[in-house]
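Take a look at the structure set out below.
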Amino acid sequence: MPFPHASEALSRFTVLDLTRVRSGPTCVRQLADWGATVIKIDALTEDAGGEQPGGPRRGSDFQNLHRNKRAMTLNLKDERGLAVFKRLAAKADVVVENFRPDVKKKLGIDYESLASVNPRIVYGSISGFGQDGPYHKRPGFDQIAQGMGGLMSITGAPGQGPMRVGIPVADLTAGLFCAMGILTALLEREVSGKGQWVQTSLLQAQIFMLDFQAARWLMEKEVAKQAGNNHPTSIPTGVFKTSDGYINIATTGGRIWERCAQAIGAPEFVDNPDYATAPARSKNRDALNAEIEKRTVTKSTETWVRELNEAGVPCGPIYAIDQMFEDAQVRHLGIAQDVPNDEGRHIRLVGQPVTLSRTPSKMVARPPEFGEQTDEVLKEFGFGADEIAALRTAKVV
């Protein structure tokens with residue numbers, strides 16, 4: 001049986017996946033979920049019994065990152081393994097890695113080495129701090145990038161010290177940006193016929209994600225500070241207590257503020273000089289939030305969500321993750337998807353957040369077991385039965 005494609009969108013491309021942990025697998029997941037033929041290279045030094053960098057192979061994290069792929073084993077530290085990899089790269093379209101910058105050069109699988117055997121190769125690299133420069137040899141981790149990239153200085157409540165975000169945002173965005181760069185390079189290759197090296201880092205991705213907070217400094221020399229649950233510039237926007245929990249309310253602009261004041265039963269706020277203008281509301285945010293909360297605590301979250309939305313005021317409940325997946329709109333969107341597998345295992349994962357009308361992404365294959373398709377992949381790349389047997393005897397695969 002041929003291996004199924006998750007979509008037809010990228011089905012013409014073959015990707016060699018050398019990635020580990022999170023940022024790299026996040027990148028490759030984008031390519032796999034849109035139908036590329038992805039071959040995960042399992043290093044023979046890893047624990048075939050299941051322990052991987054990032055958690056057990058059958059754990060939720062690994063399963064979520066590595067669906068829709070195949071896997072083969074290969075010892076890249078053996079020169080025969082390197083020769084095998086170069087034969088694969090000669091026919092592949094994309095290689096993705098997130099080693100420290102010096103590692104791939106030592107292994108002989110850097111961009112220049114592979115481009116010499118396949119000038120059309122698109123080579124994606126993710127590092128902690130960049131491929132060169134004073135920090136390029138440092139190991140990179142998400143929380144380090146969150147701190148150095150400025151995010152922790154603007155996250156959390158004022159006066160309580162820096163706070164990390166509850167997801168590995170630098171890892172995830174670096175992976176997404178790398179995938180975007182690879183797709184851009186593949187589009188350009190259709191014109192030039194040449195591949196190229198796509199590079200990003202956790203630090204660059206994190207800085208880019210600062211967005212308007214970074215622009216405030218670059219353009220206006222204004223250093224953003226922690227604002228807790230308050231929006232840093234649009235007031236009132238934040239978290240308010242209700243009779244049975246909490247609610248998010250967001251006002252952006254004078255008209256929505258007027259609707260909000262009416263809806264909470266405080267129309268007098270509109271003409272109050274302390275709250276009448278955006279600068280005044282920003283200056284007096286603590287007093288205004290306290291006044292709003294005096295009113296929101298009188299009704300349930302469900303009631304406020306209904307009444308405020310009917311009034312045209314953006315708002316929403318604050319869910320725990322289990323509650324979120326039970327929400328009617330989330331269920332309608334179908335982002336939680338089952339992964340088919342012959343073993344009858346329960347594998348339910350988060351699908352792609354983008355829908356294409358003709359070539360949608362689907363969950364078509366569970367994550368591969370350690371080196372599960374080694375022989376199958378080698379045969380597809382032209383290796384004969386005797387060659388494969390010799391590689392196994394030499395512990396190259």
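Computed from heavy atoms alone, side chains included, the values below leave out hydrogens, waters and symmetry copies.
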> Can you tell me how far CD1 of Ile247 sits from CD1 of Ile318, rounded to the nearest 0.5 angstrom?
Replying inline: 8.0 Å
> Using a side-chain heavy atom cutoff under 4.5 Å and only I, L, V, M, F, W and Y, what cluster partners does Ile144 have?
Replying inline: Phe129, Tyr135, Phe141, Met148, Leu203, Ile207
> Between Thr251 and Ile256, what is the shortest heavy-atom contact and its length?
Replying inline: CA-CG2, 3.8 Å
> In terms of hydrophobic clustering (I, L, V, M, F, W, Y; side-chain heavy atoms under 4.5 Å; direct or indirect links), are Ile41 and Val84 co-clustered?
Replying inline: yes
>> Between Thr14 and Thr37 (side chain of the first, backbone of the second, donor and acceptor by atom type, cut-off under 3.5 Å), is there such a pair?
In response: no
>> Please check: side-chain N/O of Ser243 versus main-chain N/O of Lys299, any donor-acceptor pairing under 3.5 Å?
In response: yes
>> Taking Ala278's backbone N and O only, do any of them form a donor-acceptor pair with Ser282's side chain (distance below 3.5 Å, no angle check)?
In response: no
>> Other members of the hydrophobic cluster containing Trp217, with the 4.5 Å side-chain heavy-atom rule, please.
In response: Leu218, Val223
> Would you call Arg345 and Glu369 a salt bridge, taking side-chain N to carboxylate O under 4.0 Å as the test?
Replying inline: yes
>> When you measure from the centre of the six-membered ring of Tyr275, is the NZ or CZ of Arg281 closer than 6.0 Å and no more than 45° off the axis?
In response: no
> Checking ring-ring contact (aromatic ring centres under 6.0 Å, His included) for the pair Phe240/Tyr246: CA distance, chi angles, key distance, verdict?
Replying inline: CA-CA 6 Å; Phe240 300 90; Tyr246 296 88; 10.0 Å; no
> CZ/Phe370 to CG/Asp42 distance, rounded to the nearest 0.5 angstrom?
Replying inline: 5.0 Å
> Does the pair Asp33/Lys362 count as a salt bridge with the N-to-O cut at 4.0 Å?
Replying inline: no
>> Are more than 12 heavy atoms, taken from residues, nucleotides or ligands other than Asp322, located less than 6.0 Å from that residue's CG atom?
In response: yes
>> Starting from Leu65, can I reach Val28 by hopping between I/L/V/M/F/W/Y residues whose side chains sit under 4.5 Å apart?
In response: no
> Which atom pair, heavy atoms only, marks the closest approach of Ala205 to Thr173?
Replying inline: CB-OG1, 3.6 Å
> Phe212 vs His231 aromatic rings, parallel, tilted or perpendicular, using cut-offs 30° and 60°?
Replying inline: parallel
>> Whether Arg331 and Glu326 form a salt bridge (side-chain N of Lys/Arg under 4.0 Å from carboxylate O of Asp/Glu) is what I want to check.
In response: yes
Just distance, no hydrogens or angles: give the donor-acceptor pairs under 3.5 Å from side chains in residues 151-167, sequence neighbours left out.
unit_1	atom_1	unit_2	atom_2	d
Ser153	OG	Gly150	O	2.7
Thr155	OG1	Leu151	O	2.8
Arg164	NE	Gln143	OE1	3.1

> Any side-chain heavy atom of Gln63 sitting closer than 4.5 Å to one from Val339?
Replying inline: no
> Can you get from Ile235 to Val270 by hopping between Ile, Leu, Val, Met, Phe, Trp and Tyr side chains that sit under 4.5 Å apart?
Replying inline: no
>> When you compare the side chains of Ser300 and Thr303, does any donor N or O come within less than 3.5 Å of an acceptor on the partner?
In response: yes
>> Are Val396 and Val377 connected into the same hydrophobic cluster when the rule is that any two of I, L, V, M, F, W, Y join if their side-chain heavy atoms are below 4.5 Å apart?
In response: yes
>> Under 4.0 Å between a side-chain nitrogen and a carboxylate oxygen: does that hold for Glu188 and Lys194?
In response: no
> Any side-chain heavy atom of Leu349 sitting closer than 4.5 Å to one from Ile347?
Replying inline: yes
>> Check this for me, if you would: do Glu268 and Arg295 make a salt bridge, where the nitrogen-to-carboxylate-oxygen distance has to be below 4.0 angstrom?
In response: yes
> What distance do Gln213 atom CD and Lys225 atom NZ have between them, rounded to the nearest 0.5 Å?
Replying inline: 11.0 Å
> Would you call Arg366 and Glu343 a salt bridge, taking side-chain N to carboxylate O under 4.0 Å as the test?
Replying inline: yes
>> Pair Lys69, Asp17 - check salt bridge (Lys or Arg N to Asp or Glu O under 4.0 Å), show working.
In response: CA-CA 9 Å; Lys69 301 179 182 180; Asp17 177 9; 2.8 Å; yes
> Got Phe269 and Asp274 here, is their nearest side-chain heavy-atom distance under 4.5 Å?
Replying inline: no
>> Is it the case that the side chains of Ser125 and Trp197 hold a donor-acceptor pair, with the cut-off being a distance below 3.5 Å and no angle test?
In response: yes
>> Within the 3.5 Å criterion, strictly below it, is a donor on Gln131 or Lys104 matched to an acceptor on the partner's side chain?
In response: yes
> Angle class for the Tyr123/Tyr111 ring planes (parallel below 30°, perpendicular above 60°, tilted otherwise)?
Replying inline: perpendicular
> Between Arg259 and Gln262, is any side-chain donor less than 3.5 angstrom from a side-chain acceptor?
Replying inline: no
> Hey, does Val15 have a side-chain heavy atom less than 4.5 Å from the side chain of Val95?
Replying inline: no
> Any ion pair linking Arg358 and Glu8 (charged N to carboxylate O, less than 4.0 Å)?
Replying inline: no
> Does a salt bridge link Glu387 with Lys379, judged by any charged N lying under 4.0 Å from a carboxylate O?
Replying inline: no
> Okay, side chain of Glu222, backbone of Arg216: is any donor-acceptor separation there less than 3.5 Å?
Replying inline: no
> Do Val354 and Trp34 have side-chain heavy atoms sitting under 4.5 Å apart?
Replying inline: yes
> Hey, are the side chains of Arg22 and Asp142 touching, using non-hydrogen atoms and a 4.5 Å cut-off?
Replying inline: no
> Any chance CE of Met209 has more than 12 other-residue heavy atoms, nucleotides or ligands included, within less than 6.0 Å?
Replying inline: no
>> Using a 3.5 Å distance criterion without hydrogens, assess whether the side chain of Ser113 forms a donor-acceptor pair with backbone atoms of Ile109.
In response: no
> Backbone N or O of Pro368 within a donor-acceptor pair of the Arg57 side chain at under 3.5 Å?
Replying inline: yes
> Looking only at heavy atoms, which two atoms of Ile182 and Cys27 are closest? And how far apart?
Replying inline: CD1-SG, 3.7 Å
> What's the spacing between Lys91 NZ and Asn118 CG if we round to 0.5 Å?
Replying inline: 11.5 Å
> Taking C-beta and beyond as the side chain, do Thr237 and Asn229 meet within less than 4.5 Å on heavy atoms?
Replying inline: no
> Does Asp338 pair with Arg348 as a salt bridge, N-O distance under 4.0 Å?
Replying inline: yes
> Is there a path of hydrophobic side-chain contacts, each under 4.5 Å between heavy atoms of I, L, V, M, F, W or Y residues, that connects Ile121 with Val198?
Replying inline: no
> Quick one: side-chain hydrogen bond (donor to acceptor under 3.5 Å, both in side chains) partners of Asn341, sequence neighbours excluded?
Replying inline: none
>> Any carboxylate oxygen within less than 4.0 angstrom of a Lys/Arg side-chain nitrogen, looking at Glu293 and Lys241?
In response: no
>> With heavy-atom distances below 4.5 Å as the criterion, would you say the side chains of Val350 and Phe325 are in contact?
In response: yes
Pair up each side-chain donor or acceptor in residues 310-317 with any protein partner under 3.5 Å, not counting sequence neighbours, and list the distances.
none

>> Any salt bridge linking Asp93 with Arg189? Criterion: basic side-chain nitrogen under 4.0 Å from a carboxylate oxygen.
In response: yes
> Looking only at atom types and distance, does a side-chain atom of Ser23 sit under 3.5 Å from a main-chain N or O of Ala174, one as donor and one as acceptor?
Replying inline: no
> So is Arg87 actually on top of Phe381's ring, under 6.0 Å and inside 45° of the axis?
Replying inline: no
> With sequence neighbours left out, what residues match Ser60 under side-chain hydrogen bond (donor to acceptor under 3.5 Å, both in side chains)?
Replying inline: none
>> For a quick test of reading the model, state the closest non-hydrogen atom pair linking Asn309 to Val305 and the distance between them.
In response: ND2-O, 2.8 Å
>> I'd like to know if Asp78 pairs up with Lys395 as an ion pair, taking the criterion as any Lys NZ or Arg NE/NH1/NH2 lying under 4.0 Å from an Asp or Glu carboxylate oxygen.
In response: no
> Roughly how far apart are Asp375 CG and Ile388 CD1, rounded to 0.5 Å?
Replying inline: 5.0 Å
>> If I take atom CG from residue Leu76 and atom CG from residue Leu18, how far apart are they, to the nearest 0.5 angstrom?
In response: 6.5 Å
